[in-house]
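Within every chain, numbering begins at 1; the chains are lettered A, B, ... in the order of the sequence lines, protein sequences first and strands thereafter. Quick note: numbers below take in every heavy atom, side chains included, and nothing from hydrogens, waters or symmetry partners.
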2 protein chains.
Amino acid sequence: MLKLTRKLEYALIALRHMQDKGDTFISAKEIADMYLIPQELLAKTLQQMVKLNYIKAAQGPHGGYRVRKGLTEISMTQFMEDLEGPIGIVDCNINAECIQLENCNIRLPIKKINSNIRAIFNEIRVGDITS
Amino acid sequence: MLKLTRKLEYALIALRHMQDKGDTFISAKEIADMYLIPQELLAKTLQQMVKLNYIKAAQGPHGGYRVRKGLTEISMTQFMEDLEGPIGIVDCNINAECIQLENCNIRLPIKKINSNIRAIFNEIRVGDITS
DNA sequence: TTAAATACGACTATTTAAGTCGGGTATAAC
DNA sequence: GTTATACCCGACTTAAATAGTCGTATTTAA
Ligand code: SF4
Ligand code: SF4
């Protein structure tokens with residue numbers, strides 16, 4: 001209940017590590033080894049972040065990834081939703097396909113809570129975690 | 001990611017319904033039928049709440065459940081943790097061994113976020129949802 | 001005695017998250 | 001130009017968590 005995904009954690013750990021190293025390219029292997037993260041899984045995540053323009057990749061020997069400027073200003077809400085899809089503590093906050101929906105007597109108060117949680121992540125920037 | 005369990009939703013729906021009906025005993029079947037909730041699953045949840053002293057049960061025909069006084073003052077944190085166990089957006093916030101723990105570079109900022117989320121649920125009482 | 005209801009535990013199914021594999025492309029170093 | 005390193009990409013498999021079902025026993029009002 002209410003868990004972040006492992007992928008998000010790995011992404012943040014990697015970002016922080018890369019940020020510490022400045023402009024040099026860091027390989028997925030280096031990070032995977034250092035933090036005991038499954039390499040293939042981390043690689044996939046980093047590749048996703050390349051597509052999102054969060055980081056820049058360099059191929060070939062001595063290649064790897066480095067963080068793009070400006071990433072730290074992105075809100076955690078955007079970061080999380082880019083990587084994992086919309087945040088919603090219940091189904092009707094995402095796609096509305098719930099058989100209880102029509103008679104549901106808790107929908108509105110729950111929606112309020114969802115807003116509160118989103119608000120928390122809106123006020124946190126990626127840089128607050130990775131710097 | 002960050003989902004409430006269905007069980008919690010069913011519990012809240014049931015509590016709200018029972019509260020609307022005052023002191024009369026409401027059967028699991030009535031609630032299950034009304035909100036299209038799987039009856040056996042709802043029943044199990046209600047039984048759990050009986051053990052927690054959240055509601056009172058009456059057996060036999062015209063039996064059922066009714067809400068105990070004072071339930072509405074309980075915080076959502078306690079309610080959720082009673083039903084589903086400790087809240088923690090990552091493993092190390094609960095206890096669980098995490099192989100990254102020793103070198104983890106995001107543990108502290110994540111812990112802060114977890115506190116923020118817990119704070120939200122601490123300030124919400126069950127009655128805020130079921131009344 | 002019967003029927004409606006709770007009580008419990010074991011079981012199965014479904015969904016989601018986590019992790020793995022195989023084959024490809026780019027590029028620096030020799 | 002061969003080799004080794006590293007990114008790229010999609011399909012696949014496994015594991016874990018959630019959701020739902022079933023069988024049987026017990027209580028009790030009518
Ligand atoms: S409609 Fe009610 S039961 Fe369905 S997802 Fe929303 S809150 Fe939950
Ligand atoms: S130690 Fe780091 S990786 Fe492990 S659960 Fe905590 S935050 Fe996540």
Side-chain angles (χ1 to χ4, degrees), chain A residues 1-11 13-14 18 24-33 35-52 54-66 80 83-86 88-91 94-95 97-100, chain B residues 1-11 13-14 18 24-33 35-52 54-66 80 83-91 94 96 98-100:
Chain A
M1 176 187 49
L2 287 174
K3 275 254 166 69
L4 253 45
T5 61
R6 223 55 202 174
K7 186 167 88 176
L8 278 176
E9 292 192 68
Y10 295 159
I13 288 172
M18 289 188 276
T24 53
F25 286 93
I26 312 291
S27 73
K29 185 174 190 318
E30 174 179 328
I31 299 171
D33 286 349
Y35 300 98
L36 305 176
I37 299 170
Q39 182 175 340
E40 295 301 323
L41 182 51
L42 176 62
K44 238 179 19 175
T45 307
L46 292 165
Q47 284 157 28
Q48 189 180 356
M49 287 198 283
V50 169
K51 278 192 188 163
L52 290 167
Y54 282 180
I55 58 180
K56 172 149 176 41
Q59 288 193 325
H62 310 307
Y65 304 89
R66 78 174 167 212
M80 290 164 65
L83 262 68
E84 296 286 11
I89 61 172
V90 292
D91 288 348
I94 297 176
N95 64 24
E97 277 184 36
C98 169
I99 55 170
Q100 280 84 29
Chain B
M1 177 187 50
L2 288 173
K3 276 253 166 69
L4 253 46
T5 62
R6 221 59 200 173
K7 186 168 89 177
L8 278 176
E9 292 192 67
Y10 295 159
I13 288 172
M18 288 187 277
T24 52
F25 285 93
I26 312 291
S27 73
K29 186 174 189 320
E30 173 179 328
I31 298 172
D33 286 349
Y35 300 97
L36 304 176
I37 297 169
Q39 182 176 339
E40 294 302 323
L41 182 52
L42 176 62
K44 238 180 18 175
T45 306
L46 291 166
Q47 283 157 29
Q48 189 179 356
M49 287 198 285
V50 169
K51 279 193 186 162
L52 289 167
Y54 282 179
I55 58 180
K56 173 149 176 42
Q59 288 192 324
H62 310 305
Y65 304 90
R66 79 174 167 213
M80 290 164 65
L83 261 68
E84 295 286 11
I87 295 171
I89 61 172
V90 292
D91 288 348
I94 295 175
C98 167
I99 55 170
Q100 281 83 30

* Asked: Just by protein heavy atoms under 4.0 Å, how would nucleotides 19-28 of chain C read 5' to 3' in B, S and -?
  -> BBB----BBB
* Structure fact -> For Lys29(B), the salt bridge (charged side-chain N to carboxylate O under 4.0 Å, His left out) test, sequence neighbours excluded, returns Asp33(B)
Rounded to the nearest angstrom, tell me the gap between atom [atom1] in [X] and atom [atom2] in [N].
| X | N | atom1 | atom2 | answer |
| --- | --- | --- | --- | --- |
| Lys56(B) | dA5(C) | NZ | P | 17 Å |
| Glu9(A) | dA18(C) | CD | C1' | 12 Å |
| Leu2(A) | dT16(C) | CG | C1' | 16 Å |
| Asp33(B) | dA5(C) | CG | C1' | 14 Å |
| Phe25(B) | dA5(C) | CZ | P | 14 Å |

* To do: Could you grab the distance from atom CE of Met80(B) to atom CG of Leu4(B), nearest 0.5 Å is fine?
  => 5.0 Å
Shortest non-hydrogen separation from [X] to [Y] and the atoms involved:
| X | Y | value |
| --- | --- | --- |
| Phe25(A) | Gly64(A) | CD2-O, 3.5 Å |
| Thr5(B) | Met1(A) | CG2-CB, 4.2 Å |
| Leu42(B) | Ala28(B) | CD2-O, 3.5 Å |
| Tyr65(A) | Ala43(A) | OH-O, 4.3 Å |
| Arg66(B) | Thr24(B) | CB-O, 3.8 Å |
| Arg6(A) | Gln100(B) | NH2-OE1, 2.5 Å |

* Structure fact -> the helix from dT1(C)-dA30(D) to dC30(C)-dG1(D): angle between terminal helix axes, five bp per end, to the nearest 10 degrees, reads 0°
* Boundaries of the chain A footprint along DNA chain D (any atom under 4.0 Å from a heavy atom) ->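 For DNA chain D, the relevant span reads dA4(D) to dT18(D).
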Could you give the side-chain donor-acceptor pairs of residues 44-51 of chain B under 3.5 Å, partners two or more places apart or in another chain?
| unit_1 | atom_1 | unit_2 | atom_2 | d |
| --- | --- | --- | --- | --- |
| Thr45(B) | OG1 | Leu41(B) | O | 2.9 |
| Gln48(B) | OE1 | Lys7(B) | NZ | 3.1 |
| Gln48(B) | NE2 | Leu83(B) | O | 3.3 |

* Contacts of type side-chain contact (heavy atoms from CB on, under 4.5 Å), residue Ile94(A), not counting sequence neighbours ->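 Per chain and number, Ile94(A) pairs via side-chain contact (heavy atoms from CB on, under 4.5 Å) with Pro86(A), Lys3(B).
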* With heavy atoms under 4.0 Å as the rule, sort Ala43(B) into base, sugar-phosphate or nothing. =>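 The answer is nothing, as Ala43(B) stays clear of every strand by at least 4.0 Å.
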* To do: Please tell me if the side chains of Met18(A) and Ile31(A) come closer than 4.5 Å, counting only heavy atoms from C-beta onward.
  => yes
